[in-house]
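What you see is a predicted model, and the numbers here were worked out from it, not measured in a lab.
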Amino acid sequence: MEEKKRFWPFLVLIPLLAAAIAGWFVLPDSLVMQIGADGQPSNIMPKLPGLLIPVALGVLGAGVASSTAEEKHLAGYITLAAAVIVTAITFFWNL
């Protein structure tokens, strides 16, 4: 039963992939990734890497969260949460 629990973190990748696919059709060609203190965009990225970076971060987090080392599980879940937050912020700034 413990083996099945190790793959639950990978389910978070489904909404991340869905958001990346939706973002391909909805978001502009250049994505604002950072906003400076003056309120102006300070880091702009092309659409493809801007959408795939959170997915890659999620894959890394899911891999770490599902590892056999118990002490690494929390770090994996934090990384997964960061991927979700980055995706949400990317959509918020660019819609």
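Residues Gly58 and Leu13 share a closest heavy-atom pair of C-CD2, 3.4 Å. Scanning both residues, Pro54 and Gly50, for their nearest heavy atoms gives CD-O, 3.4 Å. Between Asn94 and Ser30, the closest heavy-atom pair is OD1-O, 4.1 Å.
A chain of hydrophobic side-chain contacts below 4.5 Å, direct or via other Ile, Leu, Val, Met, Phe, Trp or Tyr residues, connects Val12 to Tyr77. Val86 and Val59 are assigned to two separate hydrophobic clusters, defined by single-linkage of ILVMFWY side chains at heavy-atom distances under 4.5 Å.
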Give every donor-acceptor pair under 3.5 Å between a side-chain atom in residues 37-44 and any protein atom, sequence neighbours left out.
unit_1, atom_1, unit_2, atom_2, d
Asp38, OD1, Gln40, N, 3.1

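Screening residues 83-95 for salt bridge (Lys or Arg N to Asp or Glu O under 4.0 Å) gives no qualifying pairs among residues at least two apart or on separate chains. Pairs passing the salt bridge (Lys or Arg N to Asp or Glu O under 4.0 Å) check and including a residue from residues 86-95, sequence neighbours excluded, do not occur. Here salt bridge (Lys or Arg N to Asp or Glu O under 4.0 Å) pairs that include residues 75-84, with residues two or more places apart or in two chains, number zero.
The hydrophobic cluster containing Ile78 also includes Leu74, under a criterion of side-chain heavy atoms closer than 4.5 Å among ILVMFWY residues, counted directly or through chains of members. Listed by chain and number, the hydrophobic cluster partners of Met45 are Ile21, Trp24, Phe25, Val26, Leu27, Leu31, Met33, Leu48, Leu51, Leu52, Ile53, Phe91, Leu95, where partners are ILVMFWY side chains within reach of under 4.5 Å, directly or through others.
With sequence neighbours left out, the salt bridge (charged side-chain N to carboxylate O under 4.0 Å, His left out) criterion links Asp29 to Lys47. Ile85 pairs by the side chain to side chain contact (heavy atoms under 4.5 Å, CB included) definition with Ile89, not counting sequence neighbours.
Taking CG of Leu80 as the start and CG of Leu60 as the end, the distance is 9.0 Å to the nearest 0.5 Å.
Put simply, the side chain of Thr90 does not reach to within 4.5 Å of the side chain of Thr87, judged on heavy atoms.
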